[in-house]
Amino acid sequence: MELCGLTIHELQDKLRAGETTSAEITASVLKRIDAVETEVRAYITLMRESAIEEAARADEAILRGEIKALTGIPIALKDIFCTKGVRTTCGSRILHNFVPPYDGTVVEKLRAAGAVITGKTNMDEFAMGSSTETSFFGVTRNPWDLTRIPGGSSGGSAAAVAADECIASLGSDTGGSIRQPAALCGVVGLKPTYGRVSRYGLIAFASSLDQIGPFTKDVEDCAILMNVISGYDPRESTSVPEDVPDYRAFLGRGIEGWRVGIPKEYFIDGIDPEVEAAIREAIRVVEKAGARCIEVSLPHTDYCVAVYYIVAPAEASSNLARYDGVKYGFRSEDNRDLLDMYKKTRSAGFGEEVKRRIMIGTYALSSGYYDAYYRKASQVRALIKRDFEQAFADCDCILTPTSPTPAFKIGEKTDDPMQMYLSDIFTISANLAGIPGISVPCGYTKSGLPIGVQFLAGHFQEGRLIQFASAYETHAKIEKRRPAL
Ligand code: GLN
């Protein structure tokens, strides 16, 4: 196996033993990018030179015996994280030339832990989408089948890990944007509890839902990245001053005697039969590992998508009001006056889907409609949260499919927003409730597309989620394949 195909912990063992260097690892990743990127197109911006420099610095640190949590490991960032001096587009024309003057907190933390940043990955515009097709910079392709989407909105980050174009990456998840692409690309993706990871320097989509999380090749790497990015940040008012456990300590602990909730509302018509079969098999695996599966009910599940598509666009319409062409980003030319500039800038700067969300959100918040839509949605959201509280009184964690289908064809759902929105039918509820969720590979379809299983737990139970996912991974023994690129 080439170095780029290894995990963080495997590479760390090699670095510590002096069997390889960060320069070699980084060169292996860059070589892989050169070989496959024209097909996959996971990146918007490659950071080749700085990555090579950072690798050299990591090797000097290792020689001095200074090895930190990610020293010398190549990591990619969704292009939604502000990176000092490096263009940050959020997949949009309106930010195509935006160069932030600062690093977001997670970027600072990765750098402080010694990581090598490989570049900024492709995404749906402003993280609105489930396929990475709404990006201004073109479509990313699924490494397992180049005619298919990688999922979204963090499709570039998921595809980059699956294609070995980085060792791990970060994404953001507002309604499923980490877990769904992780499932469709055959990697591990975790959305932490709302408030667990600081969002300072994350370009906002829907502020009551957005969370940052890792994409990795296995559960152990997920724990390693969670150790680095979690924690309170005084610069971010929704980050929670709750202690961060050592997530690695939860690996390999077993799940004997755990009660696992299987929500009956999640096995619906329209779920792909191969996905359903893989999930049923995952249930058998956790039972063999000593857990007991019980049926639970999340009675307001039917309303999740509707509630999300009021709350998320409402918050987006407010967050995106700042893109007016005045201080940064794209500005239209030949403007008659200020109002004309606003109009032309926003008309030309935003894509179709973003405009659709701004219109829905502005309508839902407008006077006379606020009570009927936003307030009502917030009330139903409280019921959805309560469903989980009641379910977690009876079980330690919940098991569901991550996505109702494997990766679909490029273009298949672009003309049908409702069909696209239904891609997140199993992931949205965790964002509405603020709870953590992880997607772990659980098999392949007959045609070789990856399938993911989702585990959910109560607030700040990421450790238990990692414990469960690690036990599942050990017992399921899903065959490790590599996409044939
Ligand atoms: N697909 C959902 C949407 O389009 C979720 C996106 C996300 O989690 N950022 O809004």
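Predicted model only: the values in this text are computed from it and were never measured. Here, residue 1 is the first one in the sequence, and each next residue gets the next number.
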Partners passing salt bridge (Lys or Arg N to Asp or Glu O under 4.0 Å) against Asp164 (at least two apart in sequence or in another chain):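 For Asp164 the salt bridge (Lys or Arg N to Asp or Glu O under 4.0 Å) partners, ignoring immediate neighbours, are Lys217, Arg482.
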Salt bridge (Lys or Arg N to Asp or Glu O under 4.0 Å) against Glu49, all qualifying residues, sequence neighbours excluded: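 Residues passing salt bridge (Lys or Arg N to Asp or Glu O under 4.0 Å) with Glu49: none at all.
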Please name the pair of heavy atoms, one in [X] and one in [Y], separated by the smallest distance, quoted to 0.1 Å.
X: Ala377; Y: Val307; answer: O-CG1, 3.5 Å
X: Val139; Y: Asn122; answer: C-ND2, 4.1 Å
X: Thr193; Y: Phe460; answer: OG1-N, 2.8 Å
X: Leu225; Y: Phe215; answer: CD1-O, 4.4 Å
X: Pro404; Y: Ile425; answer: CG-CG2, 3.9 Å
X: Ile262; Y: Cys293; answer: CG1-CB, 4.0 Å

Taking only residues at least two apart or on different chains, which pairs with a member in [range] satisfy salt bridge (Lys or Arg N to Asp or Glu O under 4.0 Å)?
range: residues 125-151; value: Asp145-Arg148
range: residues 88-116; value: Glu54-Arg111, Asp103-Arg111, Glu108-Arg235
range: residues 414-430; value: none

Among residues two or more places apart or on two chains, list those pairs meeting side chain to side chain donor-acceptor pair (under 3.5 Å) that have a residue in [range].
range: residues 28-40; result: Asp34-Arg48
range: residues 264-274; result: Glu265-Ser297, Tyr266-Ser429
range: residues 432-450; result: Thr402-Ser439, Thr445-Ser447

Verdict with supporting geometry, His459 and Lys385, side chain to side chain contact (heavy atoms under 4.5 Å, CB included): CA-CA 11 Å; His459 292 111; Lys385 190 160 169 257; 3.9 Å; yes
Pair Glu352 + Arg356, salt bridge at N-O below 4.0 Å: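 So Glu352 does not pair with Arg356 through a salt bridge.
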Does a side-chain heavy-atom distance below 4.5 Å link [X] with [Y]?
X: Ile271; Y: Pro401; answer: yes
X: Thr216; Y: Ile224; answer: no
X: Val354; Y: Phe136; answer: no
X: Ile466; Y: Leu251; answer: yes
X: Leu170; Y: Ser157; answer: no
X: Val286; Y: Phe468; answer: yes
X: Tyr323; Y: Phe126; answer: yes
X: Pro181; Y: Pro150; answer: no

Side chain to side chain contact (heavy atoms under 4.5 Å, CB included) assessment of Phe408 paired with Met420: CA-CA 10 Å; Phe408 43 92; Met420 190 68 91; 3.8 Å; yes
Looking at [X] and [Y], would you say the former's side chain and the latter's main chain have a donor-acceptor pair under 3.5 Å?
X: Tyr43; Y: Glu165; value: yes
X: Arg248; Y: Ala223; value: no
X: Asp233; Y: Ser239; value: no
X: Glu412; Y: Lys409; value: yes
X: Asp218; Y: Val188; value: no
X: Asp221; Y: His9; value: yes
X: Lys191; Y: Gly176; value: no
X: Arg464; Y: Ala457; value: no
X: Ser198; Y: Glu236; value: no
X: Gln419; Y: Lys413; value: no

To the nearest 0.5 angstrom, please state how far the [atom1] atom of [X] sits from the [atom2] atom of [Y].
X: Gln211; Y: Ile435; atom1: CD; atom2: CD1; result: 12.5 Å
X: Phe267; Y: Thr400; atom1: CZ; atom2: OG1; result: 7.0 Å
X: Leu456; Y: Ile398; atom1: CG; atom2: CD1; result: 6.0 Å
X: Ile438; Y: Leu465; atom1: CD1; atom2: CG; result: 5.5 Å
X: Arg284; Y: His475; atom1: CZ; atom2: NE2; result: 15.5 Å
X: Leu485; Y: Leu146; atom1: CG; atom2: CG; result: 6.0 Å

Residues Tyr194, Arg199; criterion side chain to side chain contact (heavy atoms under 4.5 Å, CB included); working and verdict: CA-CA 10 Å; Tyr194 186 76; Arg199 303 175 303 175; 3.2 Å; yes
Set of residues satisfying side-chain contact (heavy atoms from CB on, under 4.5 Å) with respect to Ala23, sequence neighbours excluded: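 By the side-chain contact (heavy atoms from CB on, under 4.5 Å) rule, Ala23 matches Thr21, Asp59.
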Residues which pass side-chain contact (heavy atoms from CB on, under 4.5 Å) with Glu10, listed by chain and number, not counting sequence neighbours: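 Applying side-chain contact (heavy atoms from CB on, under 4.5 Å) to Glu10 gives Leu6, Thr7.
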Results of ring-ring contact (aromatic ring centres under 6.0 Å, His included) for Phe98 - residues two or more places apart only: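 Result, ring-ring contact (aromatic ring centres under 6.0 Å, His included) vs Phe98: Tyr328.
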Ser207 and its side chain to side chain donor-acceptor pair (under 3.5 Å) partner, picked from Thr238, Thr174, Asn319: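 In the set Thr238, Thr174, Asn319, the residue that makes a side chain to side chain donor-acceptor pair (under 3.5 Å) with Ser207 is Asn319.
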Residue pair Thr45, Thr83: steps toward the side chain to side chain contact (heavy atoms under 4.5 Å, CB included) verdict: CA-CA 11 Å; Thr45 304; Thr83 40; over 6 Å; no
Listed pairs under 3.5 Å, donor-acceptor, residues 70-81 side chains, sequence neighbours left out:
unit_1: Thr71; atom_1: OG1; unit_2: Lys68; atom_2: N; d: 2.7
unit_1: Lys78; atom_1: NZ; unit_2: Ser153; atom_2: OG; d: 2.8
unit_1: Lys78; atom_1: NZ; unit_2: Ser154; atom_2: OG; d: 2.9
unit_1: Lys78; atom_1: NZ; unit_2: Ser172; atom_2: O; d: 3.3
unit_1: Lys78; atom_1: NZ; unit_2: Ser172; atom_2: OG; d: 2.8
unit_1: Asp79; atom_1: OD1; unit_2: Lys120; atom_2: NZ; d: 2.9
unit_1: Asp79; atom_1: OD2; unit_2: Thr89; atom_2: N; d: 3.0
unit_1: Asp79; atom_1: OD2; unit_2: Thr89; atom_2: OG1; d: 2.7

Ser470 and Glu220: side chain donor to acceptor below 3.5 Å: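 Looking only at side-chain atoms, Glu220 and Ser470 do not form any donor-acceptor pair under 3.5 Å.
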